[in-house]
Amino acid sequence: MELVLLIAMLEEIKSGIEQLQETYAPKIKMTSEQKEEFMAFVNSPDNNFENFWFCLGSGDSLYKNKISEEDLMRAWLHPELIEVTDD
C-alpha cells in the first residue's frame, strides 16, 4: 500500500514540475536551419542580442513572423530551451 501511495505522490510531483516548465521555461520551436544560424550568433563573442535582432530579426528573414521577439530573447539566454522541429 505504501508503494502505491509513493508512486501516486511521485506522479503528482512530476505533473507539477511539467506544468511549471510549460509556464516558466517553454520550449522554443525552431527549424534546424534557424537554430544553426541562431547559435552562430549566440556563440560569437562579438555579437549580442541587439546585433542579432538588427541583422536577422526584422525584414525578410528566417525568424520574421515565425518566432516572437520574446521567444528569441528567451532562447538567447537559455539555448537549451530550443527544440528543433521539421516545420
Side-chain angles (χ1 to χ4, degrees):
M1 183 69 171
E2 287 182 24
L3 183 59
V4 172
L5 290 174
L6 180 60
I7 291 172
M9 189 170 71
L10 289 173
E11 287 296 322
E12 190 173 322
I13 290 169
K14 180 182 174 190
S15 175
I17 290 171
E18 288 170 351
Q19 288 175 348
L20 287 170
Q21 186 175 16
E22 287 176 27
T23 302
Y24 297 105
K27 294 293 183 185
I28 298 139
K29 294 177 179 14
M30 292 185 184
T31 64
S32 58
E33 183 181 9
Q34 287 171 324
K35 182 180 179 183
E36 186 176 310
E37 188 172 44
F38 182 81
M39 293 308 295
F41 267 85
V42 170
N43 294 324
S44 173
D46 296 331
N47 287 318
N48 58 36
F49 184 79
E50 183 179 12
N51 191 17
F52 163 78
W53 189 249
F54 179 77
C55 293
L56 299 173
S58 57
D60 188 28
S61 75
L62 287 172
Y63 307 95
K64 176 106 173 148
N65 299 324
K66 295 178 182 149
I67 304 171
S68 72
E69 184 176 4
E70 183 179 335
D71 281 345
L72 287 171
M73 286 188 276
R74 187 179 294 117
W76 189 273
L77 296 172
H78 299 283
E80 69 275 7
L81 296 177
I82 298 172
E83 181 177 283
V84 176
T85 63
D86 293 331
D87 296 346

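What you see below is based on every heavy atom in this structure, not just the backbone, and it leaves out hydrogens, waters and symmetry mates.
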The reported gap from NZ in Lys27 to CD in Glu80 (rounded to nearest 0.5 angstrom) is 8.0 Å
> Would you say Ile67 and Val84 are hydrophobically clustered, going by side-chain heavy atoms of ILVMFWY under 4.5 Å?
Replying inline: no
| said: Donor-acceptor pair, distance only, cut-off 3.5 Å: does the side chain of Thr23 make one with the backbone of Gln19? | reply: yes
In this structure, CG of Asp46 is separated from CZ of Phe41 (nearest 0.5 Å) by 11.0 Å
Value for CZ (Arg74) from CG (Leu81), rounded to nearest 0.5 Å, stands at 7.5 Å
d(Lys14 NZ, Ile17 CD1) to nearest 0.5 Å is 10.0 Å
Query raised in the report: Is the Trp76 ring parallel, tilted or perpendicular to the Phe49 ring (thresholds 30°, 60°)?
Result: perpendicular
Count the heavy atoms of every other residue, nucleotide or ligand shown that sit under 6.0 Å from CD of Glu70, and state whether that count exceeds 12.
no
Heavy-atom closest pair (Asp71 atom, Ile28 atom, distance to 0.1 Å) is O-CD1, 3.6 Å
Q) Looking at side-chain heavy atoms only, is the closest gap between Met30 and Leu72 below 4.5 Å? A) yes
*Greater than 12 external heavy atoms within 6.0 Å of Glu36's CD*: no
Original post:
Going only through I, L, V, M, F, W and Y residues with side-chain contacts under 4.5 Å, is there a path from Leu6 to Ile13?
Top reply: yes
